[in-house]
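Taking it in order: structure first as structure tokens, then the write-up.
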Amino acid sequence: MLHIYNSLTKKKEPFTPITPGKVRLYVCGMTVYDYCHLGHARVMVGFDMVARYLRARGNQVTYIRNITDIDDKIIKRAQENGEDINALTARFIQAMHEDATALGVLPPDNEPRATLHMPQILSMIAKLIEQGFAYPAKNKDVYYRVRKFLPYGSLSGKTLDELKIGAGVEVDEEKEDPLDFVLWKSAKPGEPQWDSPWGAGRPGWHIECSAMSTTCLGNHFDIHGGGMDLKFPHHENEIAQSEAATGEKFVNTWMHIGFVRLDEEKMSKSLGNFFTVREVLKKYDAEVVRYFILGSHYRSPLDYSDENLLGAKAALTRLYLALKDLPAATPTADGYEEKFNAAMDDDFNTPGAMAVLFELARDINKLRENNLAAAAPLGARLRRLGDILGLLQRKPQVFLQGDVANGLADEQIEALIKQRVQARQNRNWAESDRIRDDLKAQGVILEDTAGKTTWRRL
RNA sequence: GGCUGGGUAGCAGAGUGGUUAUGCAGCGGCCUGCAAAGCCGUGUACGCCGGUUCGAAUCCGACCCCAGCCUCCA
């Protein structure tokens, strides 16, 4: 049975969907004013893996990942660029989709956008005011009355008094309590705005997710996820808004993805120490990046370094080498799927699941020495399990020989191999080795097997 | 200061009260013209100090250290 670590209870818990066989999953997606960096990639890949696994285990999954397409940073960036807001967000939404596709992230079932959910946002705010959980201030902002929601702080493990002691609480004359947060922000001249009973303005950051998630999935759903940094205040505030507005429990299981780090430090926009997905993809194959992300548990920190990426590449190469030249087949009962599932059932333990993939590879390699066909069913199993992680779906040849972006073209390599075959027939080992060394210097590895020479790019 | 996570062999990274994680690198062997790949074998690992236990790296307590949150951030 699947167990998931629930950030709300801080425990691993058996996971039971509210409706048997159906899982409703909401993930906080991007604010689209810049390219995705590796932190975004980790969240996308992480929940893609979660959705794939839940489906592989027979659940019908409704996966929602929102897009925040209105907020202060977007407005600011559009002004800096002298760009229309909609053009800006459209541009980065497209870029995000390109990055996601490259990383093997399947599209979510729905990608709701904040600007397309104004009626739902407004009605939720109205409900909160009605019930005394929110109030319009003199400056025409609407605030959430944090003291009124008794369980406030349960997700982040903070109490209001502790938060008050914390350093950075900005004092705002308009607020009843400094910890109250904004639901509706009145518009300054020239800013994008929507009409509301409290004056023209735009939604605060948190309310959109409450409105979109409950609209798409109902007031009470199974899993809500996002990066670790959203736990407070974003998710805390979502709970306060949603439960106060609906009077129902909001989410059963909260999942938070650990940070990507660079030199032991969180990779983040504010620190400026981030790599965008597209920068990384110039250096490393997208599947290698995906392997790297899934190679550590989703809650652990993930250290970005060339050493670690190269390690991921070596490991993936081993798996693809095991699959190389295997004929198509269907898996037979071999026990590997059960082992794989046992690892995944333990809070999506992808490193453990990947270890099973390597056991399979070893078995395949043993069998293939004598009989390629005998190894085929295990190869099929390896591919099928890889698919649950979004890995190993390319032709081994394609992965191993890479693309021809730089270095020698395939034809040049083939030609040199022909020369070398000739030299070997003449037992001219010096010439044969020279060609092999030359190719190696250019990043091409030769392998003489079964009277045939094959090659791959390093 | 409060709250969350975490400290595992050369590196990365799971896991567990007593018996192999796994990958990369290393060492020995097989294979090979030689390699590569592969196979077999190979490691005094579990931050520190106490305690519980027949036995702890795994449970308990204290301590040290690291990262994160408490302000926008995935």
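Since this is a predicted model, take the numbers as computed values, not measurements. Order of the sequence lines fixes the chain letters, A, B, ..., with proteins taken first and strands second; residue numbering starts at 1 for each chain. As a basis for the values below, the full set of heavy atoms in this structure was taken, side chains included, without hydrogen atoms, waters or symmetry mates.
A salt bridge links A/Asp285 with A/Arg394: the closest approach of a Lys/Arg side-chain nitrogen to an acidic carboxylate oxygen falls below 4.0 angstrom. Taking the charged nitrogens against the carboxylate oxygens, A/Arg420 and A/Asp448 do have a contact shorter than 4.0 Å, which makes a salt bridge. Remark: A/Glu279 does not engage A/Lys283 in a salt bridge, criterion side-chain N to carboxylate O under 4.0 Å.
The side chain of A/Tyr5 places an N or O atom within less than 4.0 Å of a non-bridging phosphate oxygen (OP1 or OP2) of B/rG5. Residue A/Ser300 places at least one side-chain N or O closer than 4.0 Å to OP1 or OP2 of B/rA14. OP1 or OP2 of B/rC70 has not a single side-chain nitrogen or oxygen of A/Lys231 nearer than 4.0 Å.
B/rG38 and B/rG50 are spaced 49 Å apart, taking the C1' atom of each and rounding to whole Å. Between B/rG47 and B/rU58, the two C1' atoms lie 15 Å apart (nearest whole Å). Comparing B/rG28 with B/rC46, their C1' atoms are spaced 27 Å from each other, to the whole Å. B/rU22 and B/rC65 have their C1' atoms separated by 28 Å, given to the nearest Å. A gap of 22 Å separates the P atoms of B/rC24 and B/rC31, to the nearest Å. Nucleotides B/rC27 and B/rU19 are separated by 25 Å at their C1' atoms, to the nearest Å. Rounded to a whole angstrom, the distance from the P atom of B/rU20 to that of B/rU44 is 15 Å. Nucleotides B/rA62 and B/rC70, compared at atom C1', are 26 Å apart to the nearest Å.
Between A/Tyr143 and A/Phe181, the distance separating the two ring centers is not shorter than 6.0 angstrom.
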Using atom names, set out every protein N or O paired with an N or O of nucleotides 8-12 of chain B below 3.5 Å, distance rounded to 0.1 Å.
residue, atom, partner, partner atom, Å
B/rC11, O2', A/Glu307, OE2, 3.1

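Classified by interplanar angle (parallel below 30°, tilted 30° to 60°, perpendicular above 60°), the ring pair A/Phe250/A/Trp254 is tilted.
A/Ile445 CD1 to A/Arg436 CZ: the interatomic distance, rounded to the nearest 0.5 Å, is 10.0 Å.
Residue-to-nucleotide contacts include no donor-acceptor pair under 3.5 Å from the side chain of A/His256 to the base of B/rA74. Scanning atom types as modelled, one donor and one acceptor separated by under 3.5 angstrom connect the side chain of A/Lys158 and the base of B/rC69.
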Could you write nucleotides 34-39 of chain B as a row of B, S and -, 5' to 3', where a protein heavy atom under 4.0 Å of any base atom gives B, of only sugar-phosphate atoms gives S, and otherwise -? BBBSSS
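With hydrogens and angles left out, the side-chain atoms of A/Tyr320 and A/Glu287 include a donor and acceptor closer than 3.5 Å. Using modelled atom types, one finds no donor on one side chain facing an acceptor on the other under 3.5 Å when comparing A/Glu13 with A/Thr253.
Although no hydrogens or angles enter the test, the distance criterion places no donor-acceptor pair under 3.5 Å between the side chain of A/Arg202 and the main chain of A/Ala187.
Scanning RNA chain B for stems, defined as runs of 3 or more consecutive Watson-Crick or G-U wobble pairs whose donor-acceptor distances all fall under 3.5 Å, gives the following ranges: B:1-7 with B:64-70, B:10-12 with B:22-24, B:26-30 with B:38-42, B:49-51 with B:59-61.
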Which atom pairs, one a donor and one an acceptor, fall under 3.5 Å between side chains of residues 338-358 of chain A and the rest of the protein, sequence neighbours left out?
residue, atom, partner, partner atom, Å
A/Lys339, NZ, A/Glu359, OE1, 2.8
A/Lys339, NZ, A/Glu359, OE2, 3.2
A/Asn341, ND2, A/Glu337, O, 3.4
A/Asp345, OD1, A/Tyr53, OH, 2.8
A/Asp345, OD1, A/Arg57, NH1, 3.2
A/Asp345, OD2, A/Arg57, NH1, 3.2
A/Asp346, OD1, A/Lys12, NZ, 2.8
A/Asp347, OD1, A/Tyr5, N, 3.0
A/Asp347, OD1, A/Tyr298, OH, 2.6
A/Asp347, OD2, A/His297, NE2, 3.3
A/Asp347, OD2, A/Tyr298, OH, 3.4
A/Asp347, OD2, A/Arg299, NE, 3.0
A/Asp347, OD2, A/Arg299, NH2, 2.8
A/Asn349, OD1, A/Gly352, N, 3.0
A/Thr350, OG1, A/Leu294, O, 2.7

Side-chain donor-acceptor pairs of residues 102-114 of chain A under 3.5 Å, sequence neighbours excluded:
residue, atom, partner, partner atom, Å
A/Asp109, OD2, A/Arg55, NH2, 2.9
A/Asp109, OD2, A/Tyr63, N, 2.7
A/Glu111, OE1, A/His97, NE2, 2.6
A/Glu111, OE2, A/Arg65, NH2, 3.1
A/Glu111, OE2, A/His97, NE2, 3.1
A/Arg113, NE, A/Asp69, OD2, 2.9
A/Arg113, NH2, A/Asp69, OD2, 3.2

Would A/Glu98 and A/Arg278 count as a side chain to side chain contact (heavy atoms under 4.5 Å, CB included) here? Give the steps. CA-CA 9 Å; A/Glu98 286 166 9; A/Arg278 30 201 69 201; 3.1 Å; yes
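Residues from residues 272-289 of chain A that place a heavy atom under 4.0 Å from any atom of RNA chain B: there are none.
Nearest to the side chain of A/Lys73, among B/rG5, B/rC72, B/rG15, sits B/rC72.
B/rG33 has A/Trp429 stacked on its base ring, the centres lying under 5.5 angstrom apart and the planes within 30 degrees of parallel.
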